[in-house]
Amino acid sequence: MPQENRQILKYADQPGYTPDIECYLRHGGYDVLKKALALQPKTLPDGKTVSGPEQIREEVRISGLRGRGGAGFSCGLKWSFVDRKSGKPIYLICNADESEPGTFKDKQIIYKDPHQMLEGMIIACYANDVHLAYIYIRGEFVEGAKILNRALREARAKNFLGKNILGSAYALDIWVHRGAGAYICGEETGLIESLEGKRAYPRIKPPYFPAVLGLYMCPTIVNNVETLCAVKHIVAMGGMEFARLGTPNNTGTRIVCLSGHVRRPGYYEIEVGKATIGELINDPAFGGGLRDGRKLKAVIPGGSSAKVFKAGERFKLKRRGPDGREVEQEVDMLDLPYDFDSLIAAGSMSGSGAIIVLDDSADIVEALSNIAEFYAHESCGQCTPCREGSLWMAKALHRLTNGQGRKQDADYLIKIADNIPGGRTICAFGEACAWPVQSFVGKFKDEFIARGEEDEARRTTASGKAHALQPAGASASGPDTKAFVVSV
Ligand SMILES: Cc1cc2nc3c(=O)[nH]c(=O)nc-3n(C[C@H](O)[C@H](O)[C@H](O)COP(=O)(O)O)c2cc1C
Ligand code: SF4
């Protein structure tokens, strides 16, 4: 039976554990930083000498760590793209925007164990020759920003930050920058624009890959809060040991945010791929199952932008058998291991690690309308397909949830959604707003059509009654009929 394996959240919820530095130090805090700074240059069998920072980068590569912010991109590979020859400063930004609906893991780290995040950041900065780093925190985390600023002051006072850190000659400072509460500020290039003091318009890639042309057009690393915490654990246990946690290509632990119609919503740290979606929903150690008398209807597996799974959906997955050979297996959605690759193979993603559960009491049209409204509100507006498409989809869904739907709205929604992603937009928000519509309408089409038909039927009846109620000479299709429609 799968259990939590708390590495990052090891102390966060222990009684008496506080976010101040003294408590962190009592629990071995900053020992890993000391270890990192003490690494001596090593000569390899081929005669090449590798510095301490290079050794850390190699450990991160070996660990197989994949970013916990959404895309699941290899952290080691990302660091290897950094332009180290440009002569420009290299920056590191901790992405603490945490704005994907359903996601609330970074907040736990920031509020309960901020020094762990700082330690991970300092090690990552040391490994990448960064001397100035930023924490970009979402505007709504007012208390979180205060906690981090306090933690930074404490770390400076103990010389974990500043000049000549712990006598190592290494210098670093970190600053907190508060966002103003826009989802697009979590997208790394939008975040960089915002940090530069501008409107958070994402930049086009190429050429603006942060590793080459990031903050102030300098090489920049953007990593998620949880990813940076994992760096600390990789240096503590070694890359190989970290890679033994989880499953091949999906290594380490990750924090899963479980919300919606489960008995025990919350955050759970698991070894990646060691629990299935079904176990996370139903196991007493995790979600504890649905409410009495309820049946599962749908699962959004990786934050609101991930494609929804319908209860009972089955997928063909390629898995490696005990003899090492690849075999194709058909599995129920609930039996999908919660890892990066299985969910991609099933046509969705584990994204930011947020599972949203919908039971049969959920109105699927309402649920999608809610999501679409969010994306229409948050589109930055630079690209026509995203700006217009997200709005049209939200309007059509608003119609369907307000008695004004049409039978053809389901096809209309799919048509719009199909024309947003696929390289037509500057950033992945295009995909993020289209995927929920494509999957909700695609998988629950009968419910969307039925809603449109009901609305049309109601309007036809209403317009008949309205006609009967019209004074002589008035038209039943005129603007006044709306009053009758509403009252019927
Ligand atoms: C619209 C949009 C919103 C995003 N929001 C966040 C966010 O709130 N937090 C985050 O860490 N990454 C977010 N990302 C992903 C970042 O662009 C980036 O890939 C991530 O911070 C890299 O960190 P990682 O490699 O450690 O995952 C978002 C991406 C998009 C397209
Ligand atoms: S895809 Fe949407 S959010 Fe991204 S840049 Fe274009 S308009 Fe802005």
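Just so you know, ligand 1 is whichever comes first in the structure, and atom 1 is the first atom listed for that ligand.
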What does the N/O contact table under 3.5 Å look like for ligand 1?
| unit_1 | atom_1 | unit_2 | atom_2 | d |
| --- | --- | --- | --- | --- |
| ligand 1 | 8 (O) | Glu98 | N | 3.1 |
| ligand 1 | 8 (O) | Ser99 | N | 3.1 |
| ligand 1 | 8 (O) | Ser99 | OG | 3.3 |
| ligand 1 | 9 (N) | Asn95 | OD1 | 3.4 |
| ligand 1 | 11 (O) | Asn95 | ND2 | 3.4 |
| ligand 1 | 11 (O) | Asn224 | ND2 | 2.8 |
| ligand 1 | 12 (N) | Gly69 | O | 3.4 |
| ligand 1 | 12 (N) | Asn95 | ND2 | 3.2 |
| ligand 1 | 14 (N) | Gly186 | O | 3.3 |
| ligand 1 | 17 (O) | Glu188 | N | 2.9 |
| ligand 1 | 21 (O) | Asn95 | ND2 | 2.9 |
| ligand 1 | 23 (O) | Asn224 | N | 3.2 |
| ligand 1 | 25 (O) | Lys78 | NZ | 2.8 |
| ligand 1 | 25 (O) | Asn223 | ND2 | 3.4 |
| ligand 1 | 26 (O) | Asn223 | ND2 | 3.0 |
| ligand 1 | 26 (O) | Asn224 | N | 2.9 |
| ligand 1 | 26 (O) | Thr227 | OG1 | 2.7 |
| ligand 1 | 27 (O) | Arg68 | N | 3.4 |
| ligand 1 | 27 (O) | Gly69 | N | 2.7 |

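Note: Tyr126 and Tyr170 have perpendicular aromatic rings, judged against thresholds of 30 and 60 degrees for the angle between ring planes.
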Only pairs under 3.5 Å count here: list side-chain donor-acceptor contacts from residues 389-398, not counting sequence neighbours, and write none if there are none.
| unit_1 | atom_1 | unit_2 | atom_2 | d |
| --- | --- | --- | --- | --- |
| Ser390 | OG | Cys386 | O | 2.6 |
| Ser390 | OG | Arg387 | O | 3.3 |
| His398 | ND1 | Asn402 | ND2 | 3.4 |

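At least one side-chain heavy atom of Ile8 sits under 4.5 Å from a side-chain heavy atom of Glu269.
Checking each of Glu188, Glu196, Glu187 against Arg203 for a salt bridge (Lys or Arg N to Asp or Glu O under 4.0 Å) leaves exactly one that passes, namely Glu196.
For Asp418, the salt bridge (charged side-chain N to carboxylate O under 4.0 Å, His left out) test picks out no residue, with sequence neighbours left out.
The pair Lys107-Glu98 fails the salt-bridge criterion, with no side-chain N (NZ, NE, NH1 or NH2) lying under 4.0 Å from an Asp/Glu carboxylate O.
Separation of the Tyr183 and Phe429 ring centroids falls under the 6.0 Å cut-off. Taking the ring centroids of Tyr30 and His115, they lie under the 6.0 Å cut-off.
Checking side-chain atoms of Arg424 against main-chain N and O of Pro421 turns up a donor-acceptor pair under 3.5 Å.
Listed by chain and number, the protein atoms of type N/O/S under 2.8 Å from atom 6 (Fe) of ligand 2 are Cys383 SG; waters are omitted.
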Test ring-ring contact (aromatic ring centres under 6.0 Å, His included) on Tyr11 and Tyr24 and set out the steps. CA-CA 9 Å; Tyr11 300 118; Tyr24 190 62; 8.3 Å; no
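Listed by number with element, the atoms of ligand 2 under 4.0 angstrom from any heavy atom of Ile184 are 3 (S).
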